[in-house]
Amino acid sequence: MASSEFQPLQGMSDIGVPEIWLWQMIEQRARTLFSCYNYEELRTPSLEKLSVFKRSIGDTTDVVQKEMYSFIDRGGRELALRPEGTAGTIRHLAGRGEEGLNARVFYIAPMFRCERPQAGRKRQFHQVGVEATGVPNPLADAECIALQQHLLEEWGLTGSKIQISTRGELSDRQPVADGLRNALQPHLSDLCSDCQRRINENVLRVIDCKNKNCGKIVDQIPSPVDFMSEESRQYLDTVIHTLKKMGIEVELNPKLVRGLDYYVHTVWEITHGALGAQNAIAGGGRYEIALGKKGVPGVGFAMGMERVITSLESCGVTADQFVPSDGIWLISLGEKALIENMKIARKLREKGLRCGMDLEVKSMKAQMRKANKARVKKVIICGEDEMAKGILLVKDMNEGSQEELSLEDVIRDA
RNA sequence: GUGAUUGUAGCUCAGUUGGUUAGAGCGCCUGAUUGUGGUUCAGGAGGCCGCGGGUUCAAAUCCCGUCUUUCACCCCA
């Protein structure tokens, strides 16, 4: 790409042939599966009031504080491009009253985060996600994880790992934070400088610090789950037990930390080795989102489509496997045949057949080459002889055989 | 936001210590006696050397800025 005039913005990309075939496969199979699980599609606007995200994702989270595209519009309103799908979805469902409190919706949509691009991280990226509202129920969480695992299977992804943990109930937060702080206090001087700061701001972050030294210390102290109530631990056990019965393998990881404020109870993450530093292809959890005086409880997940695609490619699922390869190419020998073929093409397309042709007179050789590139199954040759005889010469591109057929025969065979 | 890294044909990339008309492979187009693709052979088209400035007799090559690529930190999907 020589000139920047033709480039999209930093961290954003155009998606076309050939990758688009993979995207289409992913979206088609997702829609089909969601319908099997009784989820309906919901499309919310990309742009929302800033407060929608501040309140549900959390005012102090990095996503809100430093990653959002937010701005003041001409009317002086504070707006933001959505950095994730849950907040807008819940905003919508909360407005639907009672039926919104017991709904199942899915979305496939672009999200925006103004970060420095990196492997598996774009400024405009795409998520497929679901939200199922309703009071906390371990079976709902299990079903949600099962759906997600099923989806990965449909796409043909292998080698992914589901890690699960819990954040407990709201009332568990304080005991967990206090417990961790107390446990870490004796090791304070051995923690990295970031963690010394985190211990006051957000203790949970110490738990998943990548620093080796911090990791060793964290291994010695109790996990967050140990400080939670009996009920919270029981809830997680039920989720894991149910999944086991359903034949779904998950790995309990008490050190799993999810950054968004709205999570309560079950949280999980799906990772894949092909990814690099950003190794999570998906994340999910149960949440309780406050909107006005209402708290909307639910469970949901989001998967990063770009990350799913790099994972798929690493296990041999690539775009060229989904190239359209049926269809017909019309070859016209002479001006009159060109017009005749326009008429035939129209008829074939009315029957739902993929059908292409050159729109100017070219050599037969050139037209055959195009037919080959278009990967069509059959070629119809139309010239003076055929028009005189009132038939079409049909060539099978794989076998190389030719036969004379009527238009009706062609339509029936295809 | 911090630290690295990249930019030359549609694609993947060469391009010597600055030196004349910037190359290759793939792809594309045209042909190899009548109206037949994939293979082969011959020929051809196609470059703001990311952009702007500077140094120099001379810059794809050196310097500065800017945009972009890729990667890591941070955080997340």
Side-chain angles (χ1 to χ4, degrees), chain A residues 1-13 17-18 57-58 60-68 82-86 109-129 148 160 192 194-195 197-198 202 204-205 208-211 257-260 268-272 275-285 300-311 329 331-334 337 361-386 393-402:
Chain A
M1 193 163 348
S3 173
S4 61
E5 285 186 42
F6 308 119
Q7 285 179 342
L9 290 171
Q10 182 177 36
M12 308 204 173
S13 39
V17 160
I57 300 169
T60 60
T61 56
D62 280 13
V63 171
V64 167
Q65 277 194 339
K66 41 186 221 195
E67 293 168 9
M68 269 202 301
R82 60 171 169 224
E84 52 92 89
T86 304
M111 307 294 164
F112 306 85
R113 253 119 107 158
C114 192
E115 309 171 84
R116 289 277 288 271
Q118 175 182 340
R121 167 187 287 170
K122 292 252 168 206
R123 287 185 166 180
Q124 174 171 341
F125 61 104
H126 301 78
Q127 286 188 339
V128 17
Q148 201 173 13
S160 63
C192 71
D194 279 331
C195 284
R197 174 178 52 81
R198 287 175 183 138
N202 193 350
L204 283 177
R205 283 270 157 253
D208 73 343
C209 180
K210 280 168 190 156
N211 184 304
V257 173
R258 312 241 62 230
L260 310 183
W268 68 89
E269 207 166 274
I270 302 185
T271 55
H272 197 275
L275 251 25
Q278 266 60 48
N279 66 350
I281 55 178
F301 67 71
M303 333 185 71
M305 293 175 75
E306 283 82 356
R307 293 185 188 180
V308 166
I309 283 172
T310 47
S311 305
W329 196 265
I331 289 183
S332 330
L333 303 168
V361 176
K362 284 198 170 169
S363 73
M364 180 152 191
K365 187 172 263 193
Q367 294 187 67
M368 284 297 288
R369 264 199 291 264
K370 273 231 176 122
N372 194 54
K373 269 196 305 187
R375 301 219 215 183
V376 293
K377 253 202 281 214
K378 285 180 181 172
V379 162
I380 292 178
I381 299 165
C382 179
E384 296 291 337
D385 300 351
E386 288 74 18
L393 188 55
V394 179
K395 174 165 182 157
D396 184 304
M397 288 299 268
N398 297 324
E399 297 177 12
S401 58
Q402 289 185 181

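All values below were derived from every heavy atom in this structure, side-chain atoms included, with hydrogens, water molecules and symmetry-related copies excluded. Numbered from 1 within each chain, the chains take letters A, B, ... in sequence-line order.
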Touch class at under 4.0 angstrom, heavy-atom based, for A:A371 against every strand present: nothing

Sugar-phosphate only, base, or nothing, as touched by A:M397 at under 4.0 Å among non-hydrogen atoms: base

Candidate list A:E306, A:E115, A:E67, test salt bridge (charged side-chain N to carboxylate O under 4.0 Å, His left out), partner A:R121, passing option: A:E115

Distance, C1' atom - from B:rU17 to B:rC13, rounded to whole angstrom: 23 Å

P-based separation of B:rC28 from B:rA14 [nearest Å]: 24 Å

Most 5' of A:G120 and A:G11 on RNA chain B, judged by nearest nucleotide: A:G11

Distance in angstrom units between A:D208 CG and B:rC75 C1', rounded: 10 Å

5′-ward residue of the pair A:P117/A:T61 relative to RNA chain B: A:P117

Nearest-angstrom distance from the residue atom CG of A:L275 to C1' of B:rU70: 15 Å

Min side-chain heavy-atom separation A:R198-A:L204 under 4.5 Å: no

Protein-nucleotide distance (A:Q7, atom CD; B:rG10, atom P), rounded to Å: 14 Å

side-chain contact (heavy atoms from CB on, under 4.5 Å) between A:Q278 and A:Q118, intermediate numbers included: CA-CA 9 Å; A:Q278 266 60 48; A:Q118 175 182 340; 2.7 Å; yes

B:rA58 to B:rG25 separation - C1' atoms, rounded to the nearest Å: 32 Å

Closest contact, heavy atoms only, A:W268 versus A:Q148: NE1-OE1, 2.6 Å

Whole-angstrom distance between B:rC49 and B:rU61, as gauged at atom P: 10 Å

Sugar-phosphate, base or nothing in reach of A:R375, heavy atoms under 4.0 Å: nothing

Touch class at under 4.0 angstrom, heavy-atom based, for A:E306 against every strand present: nothing

For atom CD of A:E67 and atom P of B:rC75, their distance in whole Å: 10 Å

Interatomic distance, A:M12 CE vs B:rC67 P [rounded to whole Å]: 15 Å

Touch class at under 4.0 angstrom, heavy-atom based, for A:Q278 against every strand present: base

Side chain proximity check, A:M12 to A:K122, heavy atoms < 4.5 angstrom: no

Mate of B:rG3 where both pairing distances stay under 3.5 Å, Watson-Crick or G-U: B:rC71

Integer-rounded Å distance: B:rC75 P and A:R123 CZ: 18 Å

Spacing of A:K66 atom NZ relative to B:rC74 atom P, expressed in whole Å: 10 Å

Contact letters for nucleotides 25-35 of chain B, in which S counts primed atoms plus P, OP1 and OP2 and B counts the base, heavy atoms under 4.0 Å: ---SSS-B--B

Residue-phosphate contact under 4.0 Å: A:Q10 side-chain N/O, B:rU68 OP1/OP2: yes

Exercise: identify the closest heavy-atom pair between A:S160 and A:I270: CB-CG2, 3.8 Å

Phosphate contact (B:rC75 OP1 or OP2) by A:R198 side-chain N/O below 4.0 Å: yes

Rounded distance in Å between the C1' positions of B:rA59 and B:rA22: 13 Å

Donor-acceptor pair under 3.5 Å, A:N372 side chain vs B:rG38 base: no

Minimum-distance pair of heavy atoms, taken over all atoms of A:V379 and A:M368: CG1-SD, 4.2 Å

For B:rG25, the Watson-Crick or wobble partner whose two distances fall under 3.5 Å: B:rC11

Base of B:rU36 paired with side chain of A:Q402 (donor-acceptor, under 3.5 Å): yes

A:Q118 side-chain N/O to B:rA72 phosphate OP1/OP2 under 4.0 Å: yes

Side chain A:R116 and base B:rG3 donor-acceptor under 3.5 Å: yes

B:rU8 to B:rU70 separation - P atoms, rounded to the nearest Å: 13 Å

Touch class at under 4.0 angstrom, heavy-atom based, for A:D62 against every strand present: sugar-phosphate

Spacing of the P atoms in B:rG15 and B:rU68 (rounded, Å): 27 Å

Watson-Crick or G-U counterpart of B:rG46, or none if no pair lies under 3.5 Å: none

Closest listed nucleotide, where the reference is the side chain of A:M368 and the choices are B:rC75, B:rG37, B:rA77: B:rG37

Pair partner, B:rA59 [Watson-Crick or wobble, under 3.5 Å]: none

Distance-only donor-acceptor check, side chains A:E84 and A:Q127, under 3.5 Å: no

Base-pairing mate for B:rG18 - Watson-Crick or G-U, with both contacts under 3.5 Å: none

Spacing of A:I57 atom CD1 relative to B:rA77 atom C1', expressed in whole Å: 12 Å

Phosphate OP1/OP2 of B:rA77: any A:R258 side-chain N/O under 4.0 Å: yes

A:Q10-A:R123 side chain donor-acceptor pair, cut-off 3.5 Å: yes

Derivation and outcome, side-chain contact (heavy atoms from CB on, under 4.5 Å), residues A:I380 and A:I331: CA-CA 6 Å; A:I380 292 178; A:I331 289 183; over 6 Å; no

Nearest-Å distance once atom P is located in both B:rG23 and B:rG47: 14 Å

